[in-house]
Number of protein chains: 2
Amino acid sequence: MAIKIFIADDHYMVVEGIRSMLLQEKNIEWMGHAMNAASCMAFLYQQQPDVLLLDINMPDKSGIDLCKEIKEKYPEILIIGLSSFNQQSYIQKMMQNGASGYVLKNASREEIVSAIESVINGDTFLSSEASVTMRENKDAQIPVITRREKEVLQLIAEGLINKEIAEKLFISTTTVDTHRNSLLSKFDVKNTANLIKLAAQYNLI
Amino acid sequence: MAIKIFIADDHYMVVEGIRSMLLQEKNIEWMGHAMNAASCMAFLYQQQPDVLLLDINMPDKSGIDLCKEIKEKYPEILIIGLSSFNQQSYIQKMMQNGASGYVLKNASREEIVSAIESVINGDTFLSSEASVTMRENKDAQIPVITRREKEVLQLIAEGLINKEIAEKLFISTTTVDTHRNSLLSKFDVKNTANLIKLAAQYNLI
DNA sequence: GCAAGCCTCCCCTTTTTCCATGATTTTGAG
DNA sequence: CTCAAAATCATGGAAAAAGGGGAGGCTTGC
């Protein structure tokens, strides 16, 4: 029985590229594609593929969040993350949210096919480059920050000073200071500049 | 006579997607593709396409720099920028370096064909979304910063304080302070946090 | 119940940044 | 060469952040 594939990616040429690459594979059935999160969900409501190739960057929603939602509603669908970025934070989050694989958009035909076959067999597939990234950065985890810390972080990035943040969040400046210190500590950095740089890299702001 | 097309993009599925989309166009001749800047230049040394689709992000060199080089050596080649990002800074730099068009990777088949036809006719083609971005942000230019300011900016982002930066660059701390102030002023921000956030958005760090 | 984690608040000292102003030397493009 | 921009250095004061404490109330899960 053919493996049913669906793809969600807002880049039409990527969709077309993968379709073209998989066309010659006999045991793969192309179900179609969606260009945004909403229409992807709408499709899944009607029918479910075996494997879903899911882009990290969608216009209406991040693929990372979407991955989580889909896995909650349709746990049997195997998801392979798809992105241009060999960025450890994305890969990590994607896997945490239930993805079975991750391939970069510079993948070859063979790599895509392998990825699909691997996840179907219950294995996890990571693009060779992606897995190298994972190994390299395995001790550079994204810090776990709390809701409040994230709010403070974002306001710091906006250029607000402690007093302004305090007024905006209806808390004391000393509290803001506490959150700030714990952010510095969790990110293991010495000052705000370094904090914001890392936060930007992790796509937290 | 058919229009000769060559594409430089490290994402194989994008190459394959475009190839598949252009296959049915009779007046387009597919010359092939390169996956990095070096092999692209090597190909151009042998033969020249009429239109070159050039990715912004290449493993060995930025498409923006490559665009400039190619236009200097082969001014007759028409270049169309290609990227996933609808980011005004990229588009602007690409056009400044001699590109004739810019399309996003979510472009449809029709859009690609239009882009190619437009630049062949001597016109400039911008993806509708890209041109909207250009108009929206025309007054939100990326600040022009000097070599030294950029160095200081990057060291600030690393978390270094003025004294450390001064030692690293063999200048006085007051000089670092001056550069720092001019950065704040050029970016029109109030503090370092905001500066670093913008710098990250503009891909300066 | 109770521990753990989160959010809240306060104090103190030191360090660093922010801002204004002015001036000299170096560099680079025309 | 020449002029403008860039890079260099300085003074000094106000504001903000960093770093170190300590502490109470609040959910949440075991």
Side-chain angles (χ1 to χ4, degrees), chain A residues 68 72 96 141-202 204-205, chain B residues 65 68-69 71-72 93 96-98 141-202 204-205:
Chain A
K68 192 174 184 179
E72 278 167 4
Q96 279 170 358
Q141 303 285 345
I142 301 179
V144 178
I145 60 174
T146 67
R147 192 195 90 257
R148 207 54 158 172
E149 282 162 359
K150 191 171 183 182
E151 285 175 359
V152 171
L153 174 59
Q154 282 162 344
L155 293 174
I156 292 172
E158 298 293 329
L160 274 62
I161 62 174
N162 287 348
K163 207 176 84 179
E164 293 166 335
I165 296 173
E167 282 166 8
K168 201 146 200 166
L169 298 181
F170 304 107
I171 55 180
S172 151
T173 57
T174 60
T175 306
V176 177
D177 205 47
T178 306
H179 290 310
R180 207 178 180 122
N181 282 326
S182 73
L183 282 168
L184 291 176
S185 154
K186 284 184 177 178
F187 278 79
D188 192 27
V189 291
K190 288 175 298 186
N191 56 35
T192 304
N194 209 346
L195 172 68
I196 299 299
K197 185 193 137 201
L198 276 184
Q201 279 177 3
Y202 294 151
L204 259 33
I205 51 177
Chain B
D65 296 338
K68 192 174 184 180
E69 280 183 39
K71 277 308 241 186
E72 278 166 4
K93 283 184 186 166
Q96 278 169 359
N97 284 352
Q141 303 286 344
I142 300 180
V144 178
I145 61 173
T146 68
R147 193 195 91 255
R148 207 54 158 172
E149 282 163 0
K150 191 171 182 182
E151 285 175 2
V152 171
L153 173 59
Q154 282 163 345
L155 293 175
I156 292 172
E158 297 294 327
L160 275 61
I161 62 174
N162 287 349
K163 206 175 82 178
E164 293 165 335
I165 297 173
E167 282 165 9
K168 202 147 201 165
L169 298 181
F170 304 107
I171 55 178
S172 152
T173 57
T174 60
T175 306
V176 177
D177 199 46
T178 307
H179 290 311
R180 206 178 181 125
N181 284 326
S182 71
L183 281 167
L184 291 176
S185 155
K186 283 183 177 179
F187 279 79
D188 193 27
V189 291
K190 288 175 297 185
N191 56 35
T192 304
N194 209 344
L195 172 69
I196 299 299
K197 185 193 137 201
L198 275 185
Q201 279 177 1
Y202 293 151
L204 261 31
I205 51 177

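The chains referred to below are lettered A, B, ... by the order of the sequence lines, with proteins before strands, and numbering in each begins at 1. Note that the coordinates shown come from a computational prediction; the quantities given were computed from them, not determined experimentally.
Using a 4.0 Å heavy-atom distance criterion, D177(B) is classed as a base contact. Within the nucleic acid shown, T175(B) comes within 4.0 Å of at least one base atom, counting heavy atoms only. Backbone-only engagement by T192(A) is indicated by non-hydrogen atom pairs under 4.0 Å involving sugar-phosphate atoms exclusively. Backbone-only engagement by S172(A) is indicated by non-hydrogen atom pairs under 4.0 Å involving sugar-phosphate atoms exclusively. Within the 4.0 angstrom heavy-atom criterion, only backbone atoms of the sugar-phosphate kind lie near N191(A); the bases stay farther away. Nucleic acid contact for K190(B): sugar-phosphate only, since backbone atoms but no base atoms lie under 4.0 Å from a heavy atom of the residue.
T146(B) has no side-chain polar atom (N or O) that falls below the 4.0 Å cut-off from OP1 or OP2 of dA5(D). Side-chain N/O atoms of H179(A) include none lying less than 4.0 angstrom from OP1 or OP2 on dC6(C).
L204(B) has its side chain within reach of F187(B): a pair of non-hydrogen atoms, C-beta onward, lies under 4.5 Å apart.
With DNA chain D read from its 5' end, the first of the two nearest nucleotides for N162(A) and K186(B) is the one closest to K186(B). Mapped onto DNA chain C by nearest heavy atom, T174(A) and I145(A) fall at different nucleotides, with I145(A) at the one closer to the 5' end.
Rounding to whole angstrom units, CG of residue L169(B) and P of dT26(C) are separated by 18 Å. Whole-Å rounding puts the I171(A) CD1 to dC10(C) P distance at 11 Å. Rounding to whole angstrom units, NZ of residue K163(A) and P of dA14(D) are separated by 16 Å. Taking atom CG on L183(B) and atom C1' on dA6(D), their separation rounds to 13 Å, with Å as the unit. Between the P atom of dC18(C) and the CG atom of D188(B) lies a distance of 14 Å, rounded to the nearest Å. Across the protein-nucleic acid pair, I161(A) atom CD1 and dA14(D) atom C1' stand 12 Å apart, rounded to whole Å. As a whole-Å value, the separation of I156(A) CD1 from dT17(C) P is 15 Å.
Picking from dA7(D), dC19(C), dC7(C) the nucleotide with the shortest atom distance to the side chain of N181(B) gives dC19(C). Candidate nucleotides dT11(D), dC18(C), dC7(C) were compared by shortest atom distance to the side chain of R147(A), and dC7(C) ranks first.
A donor-acceptor pair is defined here as one N or O able to donate and one able to accept, closer than 3.5 Å; such a pair exists between the side chain of N191(A) and the backbone of N194(A).
The neighbour count for D188(A) CG, taken as heavy atoms of other residues, nucleotides or ligands under 6.0 Å away, does not exceed 12.
The minimum heavy-atom distance linking A193(B) with I196(A) is given by the pair O-CG2, 3.7 Å.
Taking the charged nitrogens against the carboxylate oxygens, E151(B) and R147(B) do have a contact shorter than 4.0 Å, which makes a salt bridge.
In this model, a side-chain donor or acceptor of T178(A) finds a partner on the base of dC9(C) within 3.5 Å.
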